[in-house]
Amino acid sequence: MQAPAGVPREFFARDATELAPLLLGAVIRHTTNQGTVAVRLSELEAYRGNGEDPGSHAHRGVTPRTRVMFGPPAHLYAYFSYGMHVCANIVCAPDGQAAGLLLRGGEVVQGVELARVRRPTASTDRDLARGPARLAAALGIRLAQSGADLLAPPFTLELPAQPAAVATTARTGVGGEGGGVAFPWRFYIPGDPTVSPYKRHPKLAP
DNA sequence: CGCACGATTTGCT
DNA sequence: GCAAATCGTGCGA
């Protein structure tokens, strides 16, 4: 549509750790028959598909679920976790390479009312999209939408007007080999109240 | 075909 | 602060 000078797909055809800082502060928008919800991203986590990243779903190679991560960039990779949660990723890296950015936190900047309906348990607006499963729920993303193009309806992706401040730590939910100082691939905007509260990896320094 | 586990959230003590 | 809830996915037999 009319994405004014929309973000070219090639912009996403780079490594996850390189793309993450550029997407902090970006706005992702999802429109359904219920309405539109937009979230400004404040926290991301990078995953690679190569054998080098034990924490990645694509670590073991291509499977029916993860094949989206190996596909062209700027697509949605959604997965189901703990029997109750859906989490959303932005696929990046060139076609054929598996990499993704897990959307871990953000601020609802449009469609707050609809987001509240989708997340009745959120006590404050700040909590609407603070956390991976919360963010996906607020946007109304479902499992079946995995593989959808994020640069075409019903999605919209806008880059930040100016680069956001960036801080990095170890990945939050990844234990064992994938966690720790070897993979400081959690990117967030320091001081942003919508950064997820989930406990940090135990072994890490404050 | 069956089993073990997870890129988490929520609610109660 | 801690433990339960819950089911799709992927691996082993």
Side-chain angles (χ1 to χ4, degrees), chain A residues 15-17 19-20 23-24 28 39 41-71 73 75-93 97-108 115-147 150 168-188 193-204 206:
Chain A
D15 187 79
T17 57
L19 183 63
L23 285 187
L24 284 176
I28 182 173
V39 171
L41 304 175
S42 65
E43 182 181 359
L44 300 166
E45 230 167 59
Y47 289 88
R48 279 185 194 160
N50 312 331
E52 298 181 6
D53 184 359
S56 172
H57 286 170
H59 176 225
R60 300 259 186 185
V62 186
T63 67
R65 176 178 61 150
T66 60
R67 77 178 175 284
V68 187
M69 284 183 75
F70 292 84
H75 282 242
L76 177 70
Y77 167 52
Y79 70 91
F80 198 76
S81 183
Y82 287 86
M84 53 185 92
H85 303 302
V86 174
C87 300
N89 297 247
I90 298 176
V91 174
C92 52
Q97 276 184 50
L101 289 171
L102 171 65
L103 311 183
R104 289 199 52 88
E107 171 196 6
V108 176
R116 280 211 195 99
V117 172
R118 287 168 174 164
R119 301 220 50 249
T121 57
S123 51
T124 67
D125 287 358
R126 190 186 89 158
D127 281 348
L128 284 175
R130 187 171 61 138
R134 296 171 173 185
L135 194 155
L139 279 176
I141 290 179
R142 300 174 307 169
L143 253 194
Q145 295 189 274
S146 189
L150 291 176
T168 68
T169 67
R171 292 182 294 190
T172 301
V174 183
E177 302 285 314
V181 290
F183 298 92
W185 290 353
R186 175 175 176 244
F187 302 80
Y188 64 96
T194 59
V195 172
S196 77
Y198 193 72
K199 57 188 175 191
R200 296 184 168 84
H201 201 76
K203 271 294 183 186
L204 277 178

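Computation of the quantities below employed the complete heavy-atom set of this structure, encompassing side-chain atoms and omitting hydrogens, waters and symmetry-equivalent molecules. Because the structure is predicted, anything quoted here is derived from the model rather than measured. Sequence lines set the chain letters: A, B, ... in the order given, protein chains first and strands last, and positions in each chain run from 1.
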request  = Whole angstrom is fine here: how far is it from CG in A/Leu103 over to P in B/dT9?
outcome  = 12 Å
Residue list, side chain to side chain donor-acceptor pair (under 3.5 Å) with A/Thr63, at least two apart or on another chain = A/Thr66
Check nucleotides 9-13 of chain C against the protein and report each pair of N or O atoms closer than 3.5 Å, with its distance, or say if there are none.
residue: C/dT9; atom: O3'; partner: A/Arg65; partner atom: NE; Å: 3.1
residue: C/dG10; atom: OP1; partner: A/Thr63; partner atom: OG1; Å: 2.3
residue: C/dG10; atom: OP1; partner: A/Arg65; partner atom: NE; Å: 3.4

remark   = The residue among A/Tyr77, A/Tyr79, A/Tyr47 that forms side chain to side chain donor-acceptor pair (under 3.5 Å) with A/His57 is A/Tyr77
request  = State, with a plain yes or no, whether a side-chain heavy atom of A/Cys87 is found less than 4.5 Å away from one of A/Leu102.
outcome  = yes
ask   = Under the side chain to side chain donor-acceptor pair (under 3.5 Å) test, which residues partner A/Asp15, sequence neighbours left out?
value = A/Thr17, A/Arg48
task = Report yes if the ring of A/Tyr47 lies under 5.5 Å from the six-membered base ring of B/dA7 with planes under 30°, and no otherwise.
result = yes
query = Listed by chain and number, what are the side chain to side chain contact (heavy atoms under 4.5 Å, CB included) partners of A/Ala16, not counting sequence neighbours?
reply = A/Ala46, A/Cys92, A/Ala99, A/Leu101
Detail all sub-3.5 Å separations between protein N/O atoms and N/O atoms belonging to nucleotides 10-13 of chain B.
residue: B/dT10; atom: OP1; partner: A/Arg119; partner atom: NH2; Å: 2.3
residue: B/dT10; atom: OP1; partner: A/Thr121; partner atom: OG1; Å: 3.1
residue: B/dT10; atom: OP2; partner: A/Arg134; partner atom: NE; Å: 2.9
residue: B/dT10; atom: OP2; partner: A/Arg134; partner atom: NH2; Å: 2.5

Dot-bracket encoding of pairs in DNA chain C, which uses [ ] for pseudoknotted crossings and | for another strand, Watson-Crick or G-U under 3.5 angstrom = |||||.||||||.
message = Could you tell me how far apart A/Leu135 (CG) and B/dA7 (P) are, to the nearest whole angstrom?
response = 18 Å
request  = Round to the nearest Å and state the distance from A/Ile141 atom CD1 to B/dA7 atom C1'.
outcome  = 15 Å
ask   = Just how far, in rounded Å, is P of B/dA7 from CZ of A/Arg130?
value = 21 Å
inquiry  = So, using side chain to side chain contact (heavy atoms under 4.5 Å, CB included) as the criterion, who are the partners of A/Val62 when residues are at least two apart?
reply    = A/Arg67, A/Phe70
inquiry  = Just to verify, what does A/Arg130 make a salt bridge (charged side-chain N to carboxylate O under 4.0 Å, His left out) with, not counting sequence neighbours?
reply    = A/Asp127
request  = Figure out the CG/P separation between A/Leu102 and B/dG6, and round it to whole Å.
outcome  = 16 Å
inquiry  = According to salt bridge (charged side-chain N to carboxylate O under 4.0 Å, His left out), who are the partners of A/Arg126, at least two apart in sequence or on a separate chain?
reply    = none
inquiry  = OP1 or OP2 of B/dA7 versus the side-chain N and O atoms of A/Arg186: is any pair under 4.0 Å?
reply    = no
query = How would you list, by chain and number, every residue that makes a side chain to side chain donor-acceptor pair (under 3.5 Å) with A/Arg118, sequence neighbours excluded?
reply = A/Thr32, A/Gln34
request  = From the options B/dA7, B/dT9, C/dA5, select the nucleotide whose nearest atom is closest to the side chain of A/Met69.
outcome  = B/dA7
ask   = Taking only residues two or more places apart in sequence or in another chain, which ones pass ring pair (Phe, Tyr, Trp, His ring centres under 6.0 Å) with A/His85?
value = none
query = Excluding sequence neighbours, so at least two apart, what forms side chain to side chain donor-acceptor pair (under 3.5 Å) with A/Ser56?
reply = none
note = Between OH of A/Tyr82 and C1' of C/dA3 the distance, given in whole Å, is 13 Å
